[in-house]
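Here is how names work: the chains are called A, B, and so on, in the same order as the sequence lines, proteins then strands, and each is numbered from 1.
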Amino acid sequence: MNLEHSLRSEIQKAITALFNATIDQVQLQPTNQEFEGSHTLVCFPLTRASKLKPEETAKAIGDYLVQHSGIVTRYNVVKGFLNLVISDRTWAETFASIYANKNYGSLPANGKEIMVEYSSPNTNKPLHLGHLRNNFLGYSVAELYKANGYNVHKVQIINDRGIHICKSMAAWKLYGNGETPQSSGLKGDKLVGKYYVEFDKNYKAQAKELQEKGVSEAEAEKQAPIMKLAVDMLQKWEAKDPGTVQLWKTMNGWVYEGFDATYKRMGVDFEKLYYESDTYLLGKEEVLKGVEKGIFFKKEDGSVWVDLTADGLDQKVLLRSDGTSVYMTQDIGTAILRFRDFPKIEGQIYTVGNEQEYHFKVLFLILGKLGYEWAKKCYHLSYGMVDLPSGKMKSREGTVVDADDLMQEMADEAERQTRELGKIDELSDAESKQLFEMIGLGALKFFLLKVDPKKRMLFDPNESIQLQGFTGPFIQYTHARIRAILRKAESMNIVSTANDLKGLSSLEPSEREALHLLSLFENKIREAAKDYSPAVIANYAYDLAKQYNQFYQNISIFNEADPVKLKFRVALSDSIASAIKKSMNLLGISVPERM
RNA sequence: GGUCCGAUAGCUCAACUGGAUAGAGCAUCAGCCUUCUAAGCUGACGGUUCGGGGUUCGAGUCCCUGUCGGAUCACCA
């Protein structure tokens, strides 16, 4: 039984009976704290049907509901707002049905499939803070769709080819002396990243030197020997030169090993990986087909373009005059390949930063022009940049926050603060370590996910390691607290069944509030997926935990003499712990048994 | 310059998509551990929702306009 549905239908009945009208949009909202009640009907829009003043309309509906619905016990009217008080018996029934439903918080399978792309790094540099937001977001949105009944495929596209990786390769060849992750003790992605920096340093020095000799800036940038080497390697790679391909494979291999370790610690996973080196040729084919069909056009120099002026955009290049593909070409190929691999998906969600909004607008238009119906179901989950207190992250200024380092710092800080509180003496070393990791990552993920994804956000390191207030650890702590209650109940052999709870006669305000929040869980799961926003769940989990703590503070569970109330309180605690756990799991965060 | 985002308490963020006296956390101050975990709870302080017009029963939310930030408009990815 869904309380809100029942209430809405009772209100409809009342409107029909009283005013002989049907209203498609019943405006129901939570009641403000200062008034009695939980649900409020906004009556202003109903005055046209009722032909009464808002207050009179509210009163009429209120009276009707009290007399006929069996849900509402009393009401009050403030201006045009009808504040409804739900009977405790109804609350008890609502809770009994939630408690009996083991799958509460997961909607039934809907037979639909969807694909979520996230992460999608370049292979020349280690992952950083921006990737963390991307990964946590993508992972969470995928989990949200699962909870909404979808079959979800998590994928990424790895940008494994192009000039960027050739730069690392060139620098390694020149200065590497055969260094490997094994010989250096460096993580593979870090090692390759080191040579990317090395490239940049030498490149700049060489270009500067040339300029001092009187070469123009543009020319110097082309003439720098290390750049020539990188470009040469790119051409050799495209020509499948064995030595170059071998080095490319080796260095990318190092990067993947490094990434795997980072992904593992982040707790994200992928069903299938796509590599641009595999998809760019397909994209090229599709573009050439498009030229034949007259969807795209070729210029005299041989370059291929799409004309999007009719859509209010520009002309956009799809193949260079030398016939090589650009970023867009690859993305066309990747998209098509994915729908071949997973024919049942209805669409794709691309988790990519908002600096690429224009790119995806163009991509979806092109796919539509190529005749793919599913282009309409492709969505760019565009998220804002992560700024530091000092401003944007800039690799040149060394302000990039490394993903591995950050996760380690969070775990260390969690350890420091946990030890200081001294509550975990009975845990083994291994358990403790696991707990620090859970808390540190929980804090980090929650910090990055609690903000609306669309908005740019500020990452303040000092604030992110906070474990009090609106944070992941606060919620984890609440869960651990409830688990302690449940362990005690178990040891006292207190077992609650949905049937026991029907005899419940009255509720305390804090119980009613907690129960009300609990009843909103599935709505929140729908809303979060619809808006592609884990922040909805983060806020919900926080509200729920906060409300539980208030209940916990006000009411002593085990001092209750009435056995039905005692059982109810244990059962309510159980259901809330479970909702907290599921919510946090939707964010990719685990919750501990004790902390 | 064109297009698209954003601006809410000292700071970081909410506000159920047009509803009531705009809410949390942090910070500051004052209370609460003999009780189920004080990573908690209660209270105080804190607002011209960037400025100016408009739409209507009602605007932080919609429209116009100005200011300030950001992104984007490559034969880069």
Query - Under-3.5 Å donor-acceptor pair between A/Glu34 side chain and B/U21 base - result: yes
Query raised in the report: Any idea which of B/C26, B/U37, B/C13 is nearest the A/Gln468 side chain?
Result: B/C26
Query raised in the report: Heavy atoms under 4.0 Å, any strand shown: does A/Thr418 hit a base, just sugar-phosphate, or nothing?
Result: base
Query raised in the report: Using the rule for Phe, Tyr, His and the six-membered ring of Trp, do A/Phe474 and B/G40 stack at under 5.5 Å and under 30°?
Result: no
Query raised in the report: Closest to the A/Asn32 side chain: B/A20, B/C41, B/C73?
Result: B/A20
Query raised in the report: Hey, does the side-chain of A/Asn124 have a donor or acceptor N/O within less than 3.5 Å of a partner on the base of B/A77?
Result: no
Query raised in the report: Heavy atoms under 4.0 Å, any strand shown: does A/Leu41 hit a base, just sugar-phosphate, or nothing?
Result: nothing
Report task. With the side chain of A/Phe35 defined as its heavy atoms from C-beta on, choose the nearest nucleotide among B/U37, B/C73, B/A20. Result -> B/A20
Query raised in the report: Below 3.5 Å, does any donor atom in the side chain of A/Thr31 face an acceptor in the base of B/A20, or the other way round?
Result: no
Report task. Select base, sugar-phosphate, or nothing to describe what A/Gln33 touches, counting heavy atoms under 4.0 Å on all strands. Result -> nothing
**Report entry** Test item: side-chain donor near acceptor, A/Asn554 and A/Glu508, under 3.5 Å
**Finding:** no
Query raised in the report: Can you name the one residue among A/Lys565, A/Lys567, A/Arg569 that meets salt bridge (Lys or Arg N to Asp or Glu O under 4.0 Å) with A/Glu560?
Result: A/Arg569
Requested in this report: With heavy atoms under 4.0 Å as the rule, sort A/Asp543 into base, sugar-phosphate or nothing.
Outcome: nothing
Report summary line: A/Glu357 atom CD is separated from B/C5 atom C1', nearest whole Å, by 7 Å
Query raised in the report: Taking any strand in view, what nucleotide pairs with B/U17 in a Watson-Crick or G-U wobble way, both distances under 3.5 Å?
Result: none
Report task. Using a cut-off of strictly less than 4.0 Å, decide whether A/Lys546 has a side-chain nitrogen or oxygen near OP1 or OP2 of B/G25. Result -> yes
Query raised in the report: Among B/G25, B/U72, B/A14, which nucleotide sits nearest the side chain of A/Asp452?
Result: B/A14
Query raised in the report: With both distances under 3.5 angstrom, what nucleotide forms a Watson-Crick or G-U wobble pair with B/G40?
Result: B/C32
Query raised in the report: Within less than 4.0 Å of OP1 or OP2 of B/A71, is there a side-chain N or O belonging to A/Gln356?
Result: no
Query raised in the report: With sugar-phosphate meaning primed atoms plus P, OP1 and OP2, does A/Val326 contact a base, only sugar-phosphate, or nothing at under 4.0 Å between heavy atoms?
Result: sugar-phosphate
Query raised in the report: Under a 90° cut-off about 0 for the syn range, is B/U37 syn or anti?
Result: anti
Report task. May I ask you to say what A/Phe470 touches in the nucleic acid, namely base, sugar-phosphate or nothing, with a heavy-atom cut-off under 4.0 Å? Result -> sugar-phosphate
Query raised in the report: Does A/Leu144 offer a backbone N or O that forms a donor-acceptor pair with the side chain of A/Asn148 under 3.5 Å?
Result: yes
Query raised in the report: What nucleic acid atoms does A/Ala489 come within less than 4.0 Å of, heavy atoms only: base, sugar-phosphate, or nothing?
Result: nothing
Query raised in the report: With sugar-phosphate meaning primed atoms plus P, OP1 and OP2, does A/Val451 contact a base, only sugar-phosphate, or nothing at under 4.0 Å between heavy atoms?
Result: sugar-phosphate
Report summary line: Which of B/A77, B/U12, B/A7 is nearest the side chain of A/His359? It is B/A77
Requested in this report: Classify the side chain of A/Gln29 versus the base of B/A20 as yes if they form a donor-acceptor pair under 3.5 Å and no if they do not.
Outcome: yes
Query raised in the report: To the side chain of A/Arg456, which of B/C13, B/A24, B/G70 is closest?
Result: B/G70
Query - Any-strand Watson-Crick or G-U partner of B/U72, both distances under 3.5 Å - result: B/G2
Query raised in the report: Can you tell which of B/A77, B/C36, B/G19 lies closest to the side chain of A/Pro45?
Result: B/G19
**Report entry** Base paired to B/U67 (Watson-Crick or G-U; both N/O distances under 3.5 angstrom)
**Finding:** B/A7
**Report entry** Aromatic ring pairing A/Tyr196/A/Phe199, orientation class (parallel under 30°, perpendicular over 60°, tilted between)
**Finding:** parallel
Requested in this report: Would you indicate what A/Met595 reaches in the nucleic acid, counting non-hydrogen atoms under 4.0 angstrom: base, sugar-phosphate, or nothing?
Outcome: base
Query raised in the report: Under 4.0 angstrom, heavy atoms only, what part of the nucleic acid is A/Asp322 near: base, sugar-phosphate, or nothing?
Result: nothing
Query raised in the report: Is the A/Tyr532 ring parallel, tilted or perpendicular to the A/Tyr379 ring (thresholds 30°, 60°)?
Result: parallel
Query raised in the report: Hey, is A/Phe44 stacking on B/G19? Ring centres under 5.5 Å, planes under 30°.
Result: yes
Requested in this report: For a side-chain hydrogen bond (donor to acceptor under 3.5 Å, both in side chains) with A/Gln417, tell me which candidate from A/Glu413, A/Arg419, A/Glu415 qualifies.
Outcome: A/Glu413
**Report entry** Minimum-distance nucleotide to A/Val42 side chain [options: B/U37, B/C73, B/G19]
**Finding:** B/G19
Requested in this report: For A/Thr40, answer base if it contacts any base atom (sugar-phosphate contacts may also be present), sugar-phosphate if it contacts only those atoms, and nothing otherwise; contact means non-hydrogen atoms under 4.0 Å.
Outcome: base
Query raised in the report: Base, sugar-phosphate, or nothing for A/Pro54, non-hydrogen atoms under 4.0 angstrom?
Result: nothing
Query - Touch class at under 4.0 angstrom, heavy-atom based, for A/Asp331 against every strand present - result: nothing
Query raised in the report: Is the shortest side-chain N/O distance from A/Lys392 to OP1 or OP2 of B/A71 below 4.0 Å?
Result: yes
Query raised in the report: From the list B/C41, B/C13, B/A38, which nucleotide is the closest neighbour of the side chain of A/Tyr552?
Result: B/A38
Query raised in the report: A/Tyr542 vs A/Phe474 aromatic rings, parallel, tilted or perpendicular, using cut-offs 30° and 60°?
Result: tilted
Query raised in the report: Is the A/Tyr350 ring parallel, tilted or perpendicular to the A/Phe360 ring (thresholds 30°, 60°)?
Result: tilted
